[in-house]
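A, B, ... follow the sequence lines: proteins, then strands. Residue 1 opens every chain. Computation of the quantities below employed the complete heavy-atom set of this structure, encompassing side-chain atoms and omitting hydrogens, waters and symmetry-equivalent molecules. All values reported here derive from a predicted model rather than from experimental measurement.
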Amino acid sequence: MSWLEKLMPSRIRTEGTGKGKVPEGLWDKCTSCGAVLYRSDLERNLQVCTKCNHHMRIGARTRLLAFLDESPLEEIGQDIEPKDFLKFRDSKKYKDRLGAAQKSTKETEALLVMKGCLKQLPVVAAAFEFRFIGGSMGSVVGERFLRGAQRALQDSIPLVCFSTSGGARMQEALMSLFQMAKTSAVLDRMRSQRIPFVSVLTDPTTGGVSASLAMLGDVNIAEPKALIGFAGPRVIEQTVRETLPEGFQRSEFLLEHGALDMIVERKDLRDEVHRILCILLHK
Amino acid sequence: MNPDYLDFEQPIAELEAKIDELKLVEGSEDFNLNEEIARLQAKSQSLIESIFRNLSPWQIAQLARHPKRPYTLDYIEHLFVDFTELHGDRMYADDAAIVAGIARFEGQSVAVIGHQKGRNTSENIRRNFGMPRPEGYRKALRIMELAERFQMPVLTFVDTPGAYPGIGAEERGQSQAIALNLQRMSGLRTPLVCTVVGEGGSGGALAIGVCDHLSMLSYSTYSVISPEGCASILWKDAGRAEDAATALGITAERLKELKLIDEIIQEPLGGAHRDVETTCANIRSTLSATLTRLASMPVEDLLAARYQRLTQFGVFK
């Protein structure tokens, strides 16, 4: 209550001054069709537009909690946190970028890893958080992925990873490039130990993440209309100086060109991934 | 301005042009200019020394792309005998941005793979400025698997601005081709030795760069993104490439400090192109020592050490 309102006798005060105003955070707009959606409906629908079925971005934690059974849940690698070892500074300090990302996402890094169950089948599941510096892969993302995969190897249970990332994290320079080799190396172990890895590519998955772990699934799945590619569309347009074909680098385009096994809607992922894993595991 | 010299090398270019002129005159006239030539040569030498003593990361980035810098095929010519180039990925095409083949190195059978840039416009178009498409990486993997079957170590030479960002490359699975190389190389049952000889451009470099021993020539670079690319994304201004080069720490010296590379191979003063023989002698001794060391390891130990090497990368709290 402002000082002016406090001064006013109560009979003059109008109740419900917020009349006509929409309380913050009740509505969201679909990023594709522009429909105004009731936030709680959208959340119930896992950030998929109830009007046009557009798959909007979803937070890592929400994603994993929706994908895995309610319990048991165990987070892996949450104790490791990022470090600005290069004292990297562009227009902002990397340290400040990290702080801001941690504050806005309430996550400590761009990858969240959990051991849990998928319809009672024990799995390790990892999800990228795109709002954390574009889901970029630095040392912590690489290490958490490694620990998740090593846990899957140790317990002989499958690994599922939901990727959404702009690629390697520039602020960690070559160290982040080498995370591509690191994550691919542990996936080679999984391959030789015959532990299934299902990669789910979501909007957007590009650069160093698509060119390493995301494309190495025993089964590669994508959500509808996700942007997936090595180079970003803008870079390609500038290089080749032509307009890009319709639907270029979208899931449907990749499926047609043989890079993916299937496109699965978000609401069906639990069932689909579960079925695939059960077949692969002879269960 | 002499296009064969970089901005900061122009004073050297001028001096050397003068020396060349004097040499011409000396050949045709009776004057004895030897003394003057010797004086200028000494001056040129000390000029090179002073310029090269304190190169900035950006200057080294320019040297790594020097138009006269030796490329993979130049090194192959000096370091190997019986090099036999093998072509094609058996699926789609032969990518000239990567050369691959089998050869002998000091009597031993080896596989050799490297990025290849062109010397002139037409060759650069054919070789796509050393920027491979998926078929290049698939050819490289095919040759690595061949090397594994016939128990030959694989020697790779990295020199690329990056994997090609084109429509066809995306259609044919650039990401998948790179990813598959990273995965398979980590488990390849034969020694992998990588030398960065020019530009180590991001994923396009790493796709033939996973190894047991990583060396860099002293004026080469290795980076997650080009300084120009980094500047245009983080500073929104490609003109800040110089700042980006410093921030990214792309030089051999900095990367050695960060323990990201194993060894720096010294280039002669003024850069590899000024004395290819010496550069190759230095590369040869590194390769030779490394191969001897790796050959003594049982393959399971080699793979365990490689896995350890690859998975320890990272700095965190």
Side-chain angles (χ1 to χ4, degrees), chain A residues 80-83 85-86 88-91 138-140 142-143 146 167-189 191-192 206-208 210-216 228-232 235-236 239-240 242 244-245 248-249 253-254 257-259, chain B residues 134 162-187 200 202-207 209-210 222-225 229-231 233-236 240 243-244 247-250 254-255 258 260-261 306-307 309-317:
Chain A
I80 38 178
E81 292 202 23
K83 191 175 166 185
F85 59 94
L86 290 174
F88 195 97
R89 184 185 191 144
D90 45 81
S91 53
S139 297
V140 173
E143 183 68 18
L146 176 80
R169 186 170 297 164
M170 278 177 281
Q171 292 87 350
E172 292 188 26
L174 197 66
M175 193 68 83
S176 61
L177 187 75
F178 284 3
Q179 303 309 309
M180 293 168 66
K182 176 170 174 165
T183 53
S184 302
V186 73
L187 289 175
D188 194 56
R189 286 258 157 127
R191 175 177 170 266
S192 56
T206 59
S210 93
S212 61
L213 61 101
M215 277 293 167
L216 292 173
I228 301 164
F230 175 66
V235 174
I236 297 172
T239 311
V240 300
E242 337 172 5
L244 302 175
F248 181 64
Q249 295 186 313
F253 176 93
L254 271 90
H257 284 86
Chain B
Y164 186 60
I167 295 173
E170 294 287 328
E171 287 174 333
R172 297 191 295 278
Q174 187 73 290
S175 283
Q176 187 270 351
I178 295 172
L180 192 68
N181 280 22
L182 302 183
Q183 184 186 35
R184 296 298 158 84
M185 290 176 86
S186 72
S202 194
L206 187 63
V210 175
Y222 201 172
S223 181
V224 67
I225 185 169
C230 179
I233 296 172
L234 291 182
W235 279 270
K236 317 266 181 252
R240 302 282 300 268
D243 297 320
L248 287 167
I250 58 180
R254 183 78 181 107
L255 296 171
L258 292 167
L260 284 165
I261 65 166
R306 188 185 303 156
Y307 185 75
R309 181 178 188 283
L310 295 173
T311 53
Q312 52 83 33
F313 289 124
V315 179
F316 39 80
K317 288 193 271 200

Segment of B/Val210 engaging chain A (4.5 angstrom heavy-atom cut-off): side chain
Contacting region of A/Arg189 [heavy-atom separation from chain B under 4.5 Å]: side chain
B/Gln183: side-chain contact (heavy atoms from CB on, under 4.5 Å) partners, not counting sequence neighbours: A/Ser184, A/Leu187, A/Asp188, A/Arg191, A/Leu216, B/Leu180
For A/Thr183, all residues meeting side-chain hydrogen bond (donor to acceptor under 3.5 Å, both in side chains), sequence neighbours excluded: none
Region of A/Ala259 in contact with chain B, defined by heavy-atom distances below 4.5 Å: neither
B/Leu234, part contacting chain A, at a heavy-atom distance under 4.5 Å: both
B/Thr311, part contacting chain A, at a heavy-atom distance under 4.5 Å: both
Side chain to side chain contact (heavy atoms under 4.5 Å, CB included) partner of A/Leu174, the single match among B/Leu248, B/Leu260, B/Ile225: B/Leu260
Structural part of B/Ala163 lying under 4.5 Å from a heavy atom of chain A: both
Chain A contact via B/Arg306 - side chain, backbone, both or neither, heavy atoms under 4.5 Å: neither
B/Tyr222 ring center within less than 6.0 Å of A/Phe178 ring center: yes
Engaged part of B/Ile250 at the chain A interface, taking heavy atoms whose separation is under 4.5 Å: neither
B/Trp235 and A/Phe88 aromatic ring geometry - parallel, tilted or perpendicular at 30°/60° bounds: tilted
